[in-house]
Amino acid sequence: MAEETRRLLRLHLTAGEEGEDGTVLVDVPYPDAAVVTALLDVAAECFGERGDSVEETRQAALETLLQLAGFDAESQLNSG
């Protein structure tokens with residue numbers, strides 16, 4: 001799940017989309033957006049993520065997936 005999420009985000013990430021607070025906005029168009037939504041829902045269930053809304057739950061799952069997938073050299077997914 002983490003690898004597919006990372007692949008889809010990288011596919012749609014463009015330079016200069018980082019905000020002043022470090023937040024990165026990635027516009028993922030349909031049909032990839034439907035895949036990302038499904039991945040986040042499954043990840044939220046697997047990780048036991050909870051939030052006050054569906055969006056907060058998905059955001060928490062995304063943060064966990066990004067920690068796992070990592071965009072740095074120390075990521076478990078970059079070791080192979």
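The first residue of the sequence shown is numbered 1, and numbering continues consecutively from there. As the structure is a prediction and not an experimental result, all values here were calculated from the model.
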With the 4.5 Å side-chain cut-off for hydrophobic clustering, are Val42 and Leu9 part of the same group? yes
Quick one: closest heavy-atom pair of [X] and [Y], and the distance?
X     : Y     : value
Arg50 : Thr57 : C-OG1, 3.7 Å
Glu49 : Ala60 : OE1-CB, 3.4 Å
Ala61 : Ala44 : CB-N, 3.7 Å

Please list, one pair per line, the donor and acceptor atoms closer than 3.5 Å that link side chains of residues 31-39 to other protein atoms, with sequence neighbours excluded.
| unit_1 | atom_1 | unit_2 | atom_2 | d |
| --- | --- | --- | --- | --- |
| Asp32 | OD2 | His12 | NE2 | 2.7 |
| Thr37 | OG1 | Ala33 | O | 2.9 |

Once rounded to the nearest 0.5 Å, what's the spacing between atom [atom1] of [X] and atom [atom2] of [Y]?
X     : Y     : atom1 : atom2 : value
Thr5  : Leu40 : OG1   : CG    : 6.0 Å
Gln59 : Thr64 : CD    : OG1   : 10.0 Å
Leu65 : Arg58 : CG    : CZ    : 13.0 Å

How would you list all residue pairs meeting salt bridge (Lys or Arg N to Asp or Glu O under 4.0 Å) that involve residues 59-69, not counting sequence neighbours?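 Those involving residues 59-69 do not exist here.
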Sequence neighbours excluded, which residues qualify as salt bridge (charged side-chain N to carboxylate O under 4.0 Å, His left out) partners of Glu4?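 With neighbours one apart ignored, the set is Arg7.
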Around atom CD of Glu56, are there more than 12 heavy atoms of other residues, nucleotides or ligands at under 6.0 Å? yes
Are any non-hydrogen side-chain atoms of Thr14 and Asp27 less than 4.5 angstrom apart? no
